[in-house]
Amino acid sequence: MIGFQLEMKTNKNMTNQELVQLFEALAAALKIKKADLFRTLAYERAAASIIHSEVEIKELWQQGKLTTLPAIGAGIAQHLDELFRTGKVKHFKEIFSGLPEAMFVLLAIPGIGPKTAYKLCQLLGIRKSHNAVKKLAKAAQDQEIRRLEGFGKESEQDILRGIKELNRLNTGRMLLPKALIISQELVDYLQKDKNTLKVESLGSLRRRCATIGDLDLGVASKNPAKTIAWLVKYKKIKQVLAQGSKKASVILFSGHQVDVRAQSPASFGALLQYFTGSKLHNINLRLLAKEKGLSLSEYGIKMVQDLEGKVQRFSNEQRFYNFLGLEWIPPVLRENQGEIQAAAKQQLPQLVNLGDIKGDLHLHSDFNTETSHDLGQSSFKAIIEQAISLNYQYIAFSDHSPSVSRHSSQEVVEMIKKRKDYFEQKISSNEKLLKKRKLKVLVSLEIDILSDGKLAIPEKAFAWLDFAIVSVHSSFRLSRTAMTKRVIKALTSHPKIKILGHPTGRILNQRQGYQLDWPEIFDCCLKEKKFLEINAFPDRLDLPEGLIKQAISRGVGLSINTDSHDVKNLSNMIYGVYTAQRGWAEPKDIINTLPWEQLKPILGIK
DNA sequence: GCCGTTTTCGGCCCGACTGTTTTCAGTCG
């Protein structure tokens, strides 16, 4: 977790995010108190496990299933039970006793760990959390820190830089496309050096996570030290944070931190594996290795028994996994969601790829539907030309429904009929081209789900639609029960409604999305033959991967759509595909991998 | 404090880099 205040205070209704902060704070406190190292590690693992949980921990508690979560055993389960019953945990209070609350705020500053945070609070007399960062910044500016024992001029500067970095982190992580662009420029630069043999992204970027913190790159190099020397000459570097013979950390003028690791080509496969993570994936891979008497590192694999410590090196990652008796695991799957077990049984999914996508069912055109939402920017013509260049077999114009507050029900019907006539006319005037390029154009609509679950268009208007998407665009704060009822009511209110658009409503870095009872939504989709969207817009990526995996395991079909509001957004499809891959999706799980003739009956089109 | 299809006890990942040190502790990934 970054940029958040770690939580010492507890209550009966703690969310997963708050619990993660609580457990990280507990681990930090245990480190100060020099508790058993492995007990500390256990709390850190519990925090990591909660981060990855798709269900609320409180719900698991209500169902008596706390210990089904990895890294939650009898001990922590008992503490959580006390927490959810009484809002307090006696044992946690003891762990925190005697520690200043301010130190847990300072921990959010990069470069400051538990020991340093504690020491600074003690030596500078910082106790309260609300102004801790401010007080620390002032002490650093007043050059007080360099006079403290164990600190110096450099560490004082580090603290100031860290506080600046904290403010940047608080503004949110980078969206995936931006991270890809910035890293590509640096990849191009690194490839210009004659020592460079190969450059690859590492970490969350290589796993194609929705948001990225720092950028990590790995270089296979004939001379790692020279590669690092070449890197720090990159003209977009604002500051070199650390530089050694194998790695360097730098900050770019854009404010983003980049970590680069260089290694000889003979060990490049091991380096890729090691720094791609995720952390939990690697921990479990190492446990598996250990069972076989092997030890993994970024240099390769060695026999634990081998006193000479000879390391079996791997130039390629595939052989690294094979050596452990596993299929190569695609980076998008390395999130400790059962991929290691699946790889051992040769049962990894055959992931969906961009090339499998045969059409886009959620596009906004510039036809003015007099909606309260954003209109599309591009014309019919521009969009079909782009669809043709992507080799699509079908697209659907799914503009927003007309605003209900500004139109009578009769006006809405007329508007939708007018829109149908407009598209019919456009389709027929481009008939030759569409036929030649085998592109089917559908007239759909993205209909608002009103707060009571009614639709923003009257029943009559469906006559002018081939099918429809429904989405929530308002009243995000309903209770889970009310929201679930609302969505199910809307989804099942007409047979032409086929897809639930951006199902969680999340906007990355901006809002969390609303609460839904997912098992109920999945059941509804199965029973009523409805589909969930994987919205490929980079700040949505919605469904998130965890729910994709659950939906697939229940047999619910999905549709990856770009929700394009401009012709250039059609290329965002790849981000939806990455997200689908992270949710273990195969082509058979995604309805728009079907050729038109097979999709047609699924959408109920004759 | 967690975990186990050889274990219910005895393991638990480890190397790079930095700063302030005279040989190492703290942080990070």
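Just so it is clear, the structure is predicted and the values come from calculations on it, not from any experiment. Letters A, B, ... are given to chains in the order of the sequence lines, protein chains preceding strands, and every chain is numbered from 1.
Using bins of under 30°, 30° to 60° and over 60° for the plane-to-plane angle, the ring pair A:F96/A:F104 lands in the perpendicular bin. Ring geometry for A:F314 versus A:F323: interplanar angle over 60°, hence perpendicular rather than tilted (30 to 60°).
Side-chain proximity of A:A242 to the nucleotides B:dG29, B:dC17, B:dG26 is greatest for B:dC17. Of the listed nucleotides (B:dG1, B:dC13, B:dC12), B:dG1 has the atom at the smallest distance from the side chain of A:H79.
Nucleic acid contact for A:S249: none, since no nucleic acid atom lies under 4.0 Å from a heavy atom of the residue. Counting non-hydrogen atoms under 4.0 angstrom, A:I72 reaches the backbone sugars and phosphates but no base. At the heavy-atom level, A:I112 lies under 4.0 Å from the strands shown only through sugar-phosphate atoms. If you check every strand for non-hydrogen atoms under 4.0 Å, A:A74 touches sugar and phosphate atoms only. If you check every strand for non-hydrogen atoms under 4.0 Å, A:S155 touches sugar and phosphate atoms only. Residue-level contact check: A:D216 touches neither bases nor backbone, having no heavy atom under 4.0 Å from any strand. Among the heavy atoms of the strands lying under 4.0 Å from A:Y274 is at least one base atom, whether or not backbone atoms are also near. Heavy atoms of A:K31 sit nowhere under 4.0 angstrom from any nucleic acid atom.
The side chain of A:Y299 contributes an N or O atom lying less than 4.0 Å from OP1 or OP2 of B:dA16. One finds a side-chain N or O of A:K246 lying less than 4.0 angstrom from the OP1 or OP2 phosphate oxygen of B:dA16. Applying the 4.0 Å criterion to OP1 and OP2 of B:dG26, one finds that A:K115 has a side-chain N or O inside that range. For the OP1/OP2 pair of B:dG1 and a distance below 4.0 Å, the side-chain nitrogens and oxygens of A:T40 include no atom meeting the criterion.
Each of A:R261 and A:A77 lies near DNA chain B, and the nucleotide nearest A:A77 is the one positioned closer to the 5' end. Each of A:F151 and A:G244 lies near DNA chain B, and the nucleotide nearest A:G244 is the one positioned closer to the 5' end.
In this structure, A:S49 contributes its side chain and A:P70 its backbone to a donor-acceptor pair below 3.5 Å.
The pair A:E317-A:R334 meets the salt-bridge criterion, since a charged nitrogen lies less than 4.0 angstrom from a carboxylate oxygen.
Here the separation of B:dT27 from B:dT20, taken at their C1' atoms, is 15 Å to the nearest Å.
Side-chain atoms of A:R45 and base atoms of B:dC2 include no donor and acceptor less than 3.5 Å apart.
Base orientation for B:dT7: syn, the chi torsion being within 90° of 0.
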